[in-house]
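Notes follow once the structure below has been shown.
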Amino acid sequence: MTKLILILVAEIFLLTAIASAGDDFARTMNKKLIDLPKHETLTHLRLYWHDSIGGQNPSTVRIQQPVSNSSLFGSISMTDDALTTDVMKNSTVVGQAQGIYAGAAQGEISLLMVLNFAFKTGKYNGSTITILGRNPVMEKVREMPVVGGSGMFRFARGYVEARTKFVDLKSGVAIVEYNCYVLHY
Ligand SMILES: *[C@@H]1O[C@H](CO)[C@@H](O)[C@H](O)[C@H]1NC(C)=O
Ligand SMILES: *[C@@H]1O[C@H](CO)[C@@H](O)[C@H](O)[C@H]1NC(C)=O
Ligand SMILES: *[C@@H]1O[C@H](CO)[C@@H](O)[C@H](O)[C@H]1NC(C)=O
């Protein structure tokens with residue numbers, strides 16, 4: 001009996017040694033060791049995204065032209081757009097939407113959006129949320145996932161609903177309302 005226990009103990013040690021040989025870069029951690037608030041918070045943010053690809057001060061540059069002008073497939077644009085509290089361009093700027101959008105569909109206009117919303121004011125100053133999703137821009141409401149965040153939005157997850165409020169293809173200006181529903185600590 002004692003012998004059996006000894007063998008079992010030895011085996012557990014051996015297995016632990018084998019497991020830790022390659023796994024010592026990761027460990028299970030007590031959540032209390034990072035300063036997380038006790039409960040998750042659900043925050044709703046309503047923001048207006050001001051995109052302009054033309055004009056004197058474009059906030060977006062096209063870095064790759066599309067292979068089709070009807071679907072915009074293959075186009076890639078880099079953007080640094082103001083996020084404001086209202087639909088008017090002169091309303092309060094609370095942050096920037098920085099990232100890339102790209103034509104990702106061949107039979108329709110649907111963009112791959114990779115955006116960091118970087119907040120610049122108030123308690124969210126310095127915090128970000130990251131949106132990664134599919135944006136079929138001709139649809140009235142486009143839902144995209146919030147895949148993460150930083151600062152006030154650590155461990156963020158959620159979704160946004162994007163609705164186009166204004167678009168002028170000639171000047172390349174678009175204003176899109178983003179309702180963001182974000183769970184975070
Ligand atoms: C798309 O339109 C632009 C501007 O009119 C033109 O220069 C370009 O050749 C077109 N691209 C394709 C793939 O038709
Ligand atoms: C913003 O612009 C609109 C018209 O473009 C104007 O009526 C309004 O007074 C402006 N608001 C501010 C705060 O400048
Ligand atoms: C936001 O934070 C930056 C860096 O700490 C600071 O320089 C800036 O003044 C802050 N902005 C506002 C509006 O508080």
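Positions are given from 1, in the same order as the sequence printed here. Basis for what follows: all heavy atoms, side chains included, without hydrogens, waters or symmetry-related copies.
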Kindly compute the distance separating [atom1] ([X]) from [atom2] ([Y]), expressed to the nearest 0.5 Å.
{"X": "Thr130", "Y": "Gln98", "atom1": "OG1", "atom2": "CD", "value": "11.0 Å"}
{"X": "Met152", "Y": "Thr41", "atom1": "CE", "atom2": "OG1", "value": "7.5 Å"}
{"X": "Cys180", "Y": "Ile131", "atom1": "SG", "atom2": "CD1", "value": "5.0 Å"}
{"X": "Gln65", "Y": "Ser77", "atom1": "CD", "atom2": "OG", "value": "8.0 Å"}
{"X": "Glu143", "Y": "Asn135", "atom1": "CD", "atom2": "CG", "value": "12.0 Å"}

Spell out, as yes or no, whether a donor-acceptor pair under 3.5 Å connects the side chain of [X] to the backbone of [Y].
{"X": "Arg142", "Y": "Glu139", "answer": "yes"}
{"X": "Asn116", "Y": "Ala118", "answer": "no"}
{"X": "Ser59", "Y": "Ser52", "answer": "yes"}

Inset, instruction - Before giving the answer on side chain to side chain contact (heavy atoms under 4.5 Å, CB included), spell out for Tyr48 and Leu83 the whole-Å C-alpha distance, their side-chain angles and the decisive distance to 0.1 Å. - result: CA-CA 5 Å; Tyr48 294 85; Leu83 292 169; over 6 Å; no

Between [X] and [Y], what is the shortest heavy-atom contact and its length?
{"X": "Gly133", "Y": "Pro145", "answer": "CA-CD, 3.9 Å"}
{"X": "Thr128", "Y": "Phe119", "answer": "CA-CD1, 4.4 Å"}
{"X": "Met88", "Y": "Thr84", "answer": "O-OG1, 4.0 Å"}
{"X": "Ala156", "Y": "Gly149", "answer": "CB-N, 3.8 Å"}
{"X": "Tyr185", "Y": "Lys38", "answer": "CE2-O, 4.4 Å"}
{"X": "Ser150", "Y": "Gly126", "answer": "OG-O, 4.3 Å"}

Inset, instruction - Take atom CG of Asn30 as the centre, draw a 6.0 Å sphere, and report whether it contains more than 12 heavy atoms from other residues, nucleotides or ligands. - result: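 Yes, the 6.0 Å shell around CG holds more than 12 heavy atoms from other groups.
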
Legend entry - Met138 atom CE: more than 12 heavy-atom contacts under 6.0 Å: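 No, because the 6.0 Å sphere around CE of Met138 holds 12 heavy atoms or fewer from other groups.
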
Legend entry - Phe153/Tyr124 aromatic ring centres below 6.0 Å: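 Phe153 vs Tyr124: aromatic centres under 6.0 Å.
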
Legend entry - Arg134: salt bridge (charged side-chain N to carboxylate O under 4.0 Å, His left out) partners, not counting sequence neighbours: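 Checked Arg134 against salt bridge (charged side-chain N to carboxylate O under 4.0 Å, His left out); matches are Glu108.
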
Legend entry - Residues Ser70 and Ser68: side-chain donor-acceptor under 3.5 angstrom: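 Yes, Ser68 and Ser70 have a side-chain donor paired with an acceptor closer than 3.5 Å.
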
Inset, instruction - Decide whether Asp51 and Thr60 meet the rule of one side-chain donor and one side-chain acceptor closer than 3.5 Å. - result: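 The criterion, which ignores hydrogens and geometry beyond distance, is satisfied for Thr60 and Asp51.
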
Can you tell if the side chain of [X] reaches within under 4.5 Å of the side chain of [Y], non-hydrogen atoms only?
{"X": "Phe117", "Y": "Val146", "result": "no"}
{"X": "Val94", "Y": "Thr85", "result": "yes"}
{"X": "Ser75", "Y": "Arg62", "result": "yes"}
{"X": "Asn179", "Y": "His44", "result": "yes"}

Does [X] belong to the same Ile/Leu/Val/Met/Phe/Trp/Tyr cluster as [Y], with side-chain heavy atoms less than 4.5 Å apart forming each link?
{"X": "Leu111", "Y": "Val141", "answer": "no"}
{"X": "Ile100", "Y": "Ile53", "answer": "no"}
{"X": "Val137", "Y": "Trp49", "answer": "yes"}
{"X": "Met78", "Y": "Val176", "answer": "no"}
{"X": "Ile109", "Y": "Ile175", "answer": "no"}

Inset, instruction - Test Thr79 against Tyr101 for side chain to side chain contact (heavy atoms under 4.5 Å, CB included), laying out the working first. - result: CA-CA 8 Å; Thr79 183; Tyr101 56 83; 4.1 Å; yes

Inset, instruction - Decide side chain to side chain contact (heavy atoms under 4.5 Å, CB included) for Leu132 and Leu112; before the verdict, give the C-alpha distance in whole Å, the side-chain angles of both, and the deciding distance to 0.1 Å. - result: CA-CA 7 Å; Leu132 175 66; Leu112 164 70; 4.2 Å; yes

Legend entry - Under the ring pair (Phe, Tyr, Trp, His ring centres under 6.0 Å) test, residues paired with His50 that sit two or more places apart: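 Once residues adjacent in sequence are excluded, His50 has no partner under the ring pair (Phe, Tyr, Trp, His ring centres under 6.0 Å) criterion.
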
Legend entry - Pairs satisfying salt bridge (charged side-chain N to carboxylate O under 4.0 Å, His left out), at least one member in residues 157-177, at least two apart: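 As it turns out, the salt bridge (charged side-chain N to carboxylate O under 4.0 Å, His left out) pairs with a partner in residues 157-177, which skip direct neighbours, are Glu40-Arg157, Glu161-Arg163.
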
Legend entry - salt bridge (charged side-chain N to carboxylate O under 4.0 Å, His left out) pairs, two or more places apart, involving residues 72-89: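 Listed once each, the pairs would be none.
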
Inset, instruction - Decide yes or no on side chain to side chain contact (heavy atoms under 4.5 Å, CB included) for Arg154 and His184, but give the supporting numbers first. - result: CA-CA 6 Å; Arg154 281 181 184 165; His184 60 98; over 6 Å; no

Legend entry - Partner residues of Pro58 under the side-chain contact (heavy atoms from CB on, under 4.5 Å) criterion, sequence neighbours left out: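 Pro58 satisfies side-chain contact (heavy atoms from CB on, under 4.5 Å) with no residue once adjacent residues are dropped.
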
Inset, instruction - List, by chain and then residue number, the residues other than Leu169 in its hydrophobic cluster (Ile/Leu/Val/Met/Phe/Trp/Tyr, side-chain heavy atoms under 4.5 Å); write none if there are no others. - result: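 Besides Leu169, the hydrophobic cluster comprises Val167, listed by chain and residue number.
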
